Amino acid sequence: MTDLHPAHTIKRHGQWDHADDSCVLTYDDRFLRRKRLLTSHNRGFLVDLAHTESLNHGDAFELEGGQIIEVIAAKEALLEITGADLVRLAWHIGNRHCPCQLEPGRLLIQNDHVIRDMLTKLGATLRDVSEPFIPEGGAYGHGRTHSHAH
């Protein structure tokens, strides 16, 4: 296994057109500043960014050598939520600051026993699934929201 050049730059989805390799990362792993990662072809590289970044499926690392490594959202254990009043269920999830993937007819969240219990009591239909997790961005449509601090 040979290591590639480090990555100091992120290219957002649509800012690049050809990937030299890819890197499959969970939602939690897509929030980083400095970390050694492996590509899909088992090549190592160091991510060394100026600030902690939230990466989305389809973003890419630009390595010092010019290579582009595409970020792919990994399948992970999630909770699928359906029900007669999906808007109300989404409100309760958001009120607890849980990242949530919004889709027509269903919501997806990371599996959490406390939230699962709350949703059951609210009448939601729940199902364990394994899928890529691509939740809605923060209040302004990008990034992650962690607290009420400004």
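The structure presented is a predicted model; accordingly, all values stated were derived computationally and were not measured.
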Indicate yes or no: at least one non-hydrogen side-chain atom of [X] is less than 4.5 angstrom from one of [Y].
X      : Y     : result
Arg33  : Asp48 : yes
Asn56  : Val71 : no
Asp59  : Gln15 : no
Ile109 : Leu78 : no
Leu108 : Ile81 : no

* Can you check side chain to side chain contact (heavy atoms under 4.5 Å, CB included) on Thr120 and Met118, steps first, answer last? -> CA-CA 5 Å; Thr120 299; Met118 174 198 72; over 6 Å; no
Does [X] have any side-chain hydrogen bond (donor to acceptor under 3.5 Å, both in side chains) partners at least two apart in sequence or in another chain, and if so, which?
X      : answer
Thr82  : none
Ser40  : Ser22
Asn111 : Arg116, Asp128

* Hey, could you give me each pair passing side-chain hydrogen bond (donor to acceptor under 3.5 Å, both in side chains) that has a residue in residues 60-73? Not counting sequence neighbours. => His8-Glu64
* To do: Quick one: list whatever passes side-chain contact (heavy atoms from CB on, under 4.5 Å) with Pro135, sequence neighbours left out.
  => Tyr27, Arg30, Pro99, Phe133
* **Partner residues of Ser130 under the side-chain contact (heavy atoms from CB on, under 4.5 Å) criterion, sequence neighbours left out** => Lys75
Only distances under 3.5 Å count here; give the side-chain donor-acceptor pairs of residues 88-96 to other protein atoms, sequence neighbours excluded, each with its distance to 0.1 Å.
| residue | atom | partner | partner atom | Å |
| --- | --- | --- | --- | --- |
| His92 | ND1 | Arg96 | NH1 | 3.4 |
| Arg96 | NH1 | His92 | O | 3.1 |

Could you tell me which non-hydrogen atom of [X] sits nearest to which non-hydrogen atom of [Y], and how far apart they are?
X      : Y      : result
Leu38  : Asn42  : CD1-OD1, 3.5 Å
Val24  : Ala74  : CG1-CB, 3.4 Å
Leu107 : Cys100 : CB-SG, 3.9 Å

* Asked: ring pair (Phe, Tyr, Trp, His ring centres under 6.0 Å): which pairs involve residues 42-82, sequence neighbours left out?
  -> Phe45-Phe61
* By salt bridge (Lys or Arg N to Asp or Glu O under 4.0 Å), which residues pair with Lys35, not counting sequence neighbours? -> Asp29
What distance do [X] atom [atom1] and [Y] atom [atom2] have between them, rounded to the nearest 0.5 Å?
X      : Y      : atom1 : atom2 : result
Leu63  : Thr9   : CG    : OG1   : 9.5 Å
Ile72  : Cys23  : CD1   : SG    : 9.0 Å
Ile69  : Leu4   : CD1   : CG    : 5.5 Å
Ile115 : Leu126 : CD1   : CG    : 11.5 Å

* Return each pair, listed once, that meets salt bridge (Lys or Arg N to Asp or Glu O under 4.0 Å) where at least one residue sits in residues 13-27; pairs must be two or more places apart or across chains. => Asp21-Arg43
* Among residues two or more places apart or on two chains, list those pairs meeting salt bridge (Lys or Arg N to Asp or Glu O under 4.0 Å) that have a residue in residues 97-106. => Glu80-Arg106, Glu103-Arg106, Arg106-Glu131
